[in-house]
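The structure appears right after this line, and notes come after that.
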Amino acid sequence: MSKTIIAPSVLSADFSRLGDEVEAIDRAGADWIHLDVMDGHFVPNITFGPPVIKAIRGRTKKPFDAHLMIAPTDAYLAAFADAGCDNITVHAEAGPHLDRSLHAIRELGKTAGVAINPATPESAIEYVLDRLSLILVMTVNPGFGGQSFINAMVDKVRRVKALIGDRPIRIEIDGGVAPDTAPLVVAAGADVLVAGSAIFKGGKEDSYRAQIASIRQAADAARR
Ligand code: DX5
Ligand code: ZN
């Protein structure tokens, strides 16, 4: 049994067939479905919001992992919870009241995550650790799929792992994850790997299955 959670990002899926794509990555071995929500304000790109998430919710039973790259966040949390997200991750840089946002997510009955941009030190989350289920370490600057993995983030993953101690908090990696970069972050302590372009590049279910398997294999080998 693999200990690595693979969360394909539908950002690189064919949006004209989004529901079918979600079914395809489910059958291809995805553990979670990663949903990149962008507002054209916090990040220089716009994707989709709660209505689209609600529309695809019925296509799989796998957990929906929402990554909110929006500011402000608090006014929209209930809509993402209602749309069927299981985990809701907000950015530490998205507003001045991170502790309040995390409290609101938990009040909605969802697990809460915090994402930190490449330039943000891990100390930004030190005082909210007890409100968290997941820390998302961005290994690219958020906004677009297909960017290069920033190697300096491997050391940050190691520091985040040390900060967590024995708390039940997962470390998720997002950006430039592929079979060559996955072992680096898993060896440093990561347990959830998001991948968009590396998984969806072939455009077919068989290639999604092969890509998920090869990322998983590379990750599990690094864990032993
Ligand atoms: C980037 C998003 C990522 C993105 C990753 O802002 O948060 O989830 O889809 O894409 P790849 O795997 O192509 O780097
Ligand atoms: Zn993401």
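All ligand and atom numbering here is 1-based and tracks the order in the structure. Sequential numbering from 1 along the given sequence is applied to the chain's residues. These numbers were taken from a predicted model, which means no experiment stands behind them.
Residue Ser197 approaches ligand 1 through these ligand atoms, each under 4.0 Å from one of its heavy atoms: 11 (P), 12 (O), 13 (O). Close contacts between ligand 1 and Ser9 involve ligand atoms 8 (O), 9 (O) [criterion: under 4.0 Å to a heavy atom]. Each of the following atoms of ligand 1 lies closer than 4.0 Å to a heavy atom of Val194: 8 (O). Every atom of ligand 1 is numbered from 1 in the order shown, and the set under 4.0 Å from a heavy atom of Gly145 is 10 (O), 13 (O). Residue contact check: Ala195 has heavy atoms under 4.0 Å from atoms 12 (O) of ligand 1. Listed by atom number, the atoms of ligand 1 under 4.0 Å from Gly175 heavy atoms are 14 (O). Every atom of ligand 1 is numbered from 1 in the order shown, and the set under 4.0 Å from a heavy atom of His67 is 7 (O). Interface atoms of ligand 1 facing Met69, defined by a heavy-atom separation under 4.0 Å, are 6 (O), 7 (O).
Distances shorter than 4.0 angstrom occur between a heavy atom of Phe144 and an atom of ligand 1. In this structure, Ala198 does not count as a contact residue of ligand 1, since none of its heavy atoms falls inside 4.0 Å of the ligand.
Counting protein heavy atoms only, atom 5 (C) of ligand 1 is closest to Asp174 OD1, 3.5 Å. Closest to atom 12 (O) of ligand 1, if we only count protein heavy atoms, is Gly196 N, 2.7 Å. Ranking protein heavy atoms by distance to atom 14 (O) of ligand 1, first place goes to Gly176 N, 2.8 Å. Scanning the protein for heavy atoms near atom 6 (O) of ligand 1, the closest one is Gly143 N, 2.8 Å.
Taking the six-membered ring for Trp and thresholds of 30 and 60 degrees, Phe15 and Phe48 have ring planes more than 60 degrees apart, a perpendicular arrangement.
With no hydrogens or angles considered, no side-chain donor-acceptor pair links Thr60 and Glu23 at under 3.5 Å. For the residue pair Arg223/Thr4, the side-chain donor-acceptor check at 3.5 Å is satisfied. No side-chain donor-acceptor contact under 3.5 Å links Thr47 and Asn45. Neither side chain, Asp74 nor His97, offers a donor N or O lying under 3.5 Å from an acceptor on the other.
In the hydrophobic clustering of this structure, Phe144 does not group with Val140; members are Ile, Leu, Val, Met, Phe, Trp, Tyr whose side-chain heavy atoms approach within less than 4.5 Å, directly or through other members.
Where the criterion is an N or O separation shorter than 3.5 Å, residue side chain and backbone included, Pro142 fails it with respect to ligand 1. Among the atoms of Asn141, none of the N or O lies under 3.5 angstrom from an N or O of ligand 1. Between Leu11 and ligand 1, no pair of N/O atoms sits closer than 3.5 Å. For ligand 1, the polar-atom distance check against Met38 finds no nitrogen or oxygen pair separated by under 3.5 Å. Between Ser12 and ligand 1, no pair of N/O atoms sits closer than 3.5 Å.
Judged by distance alone, with hydrogens and angles left aside, the side-chain atoms of Thr181 form a donor-acceptor pair with the main-chain N or O of Ala178 at under 3.5 Å.
Centred on the Zn ion (ligand 2), the angle running from His34 (NE2) to His67 (ND1) is recorded as 100°, rounding to 10°.
Smallest separation of non-hydrogen atoms from Arg17 and Gly203: NH2-O, 4.4 Å.
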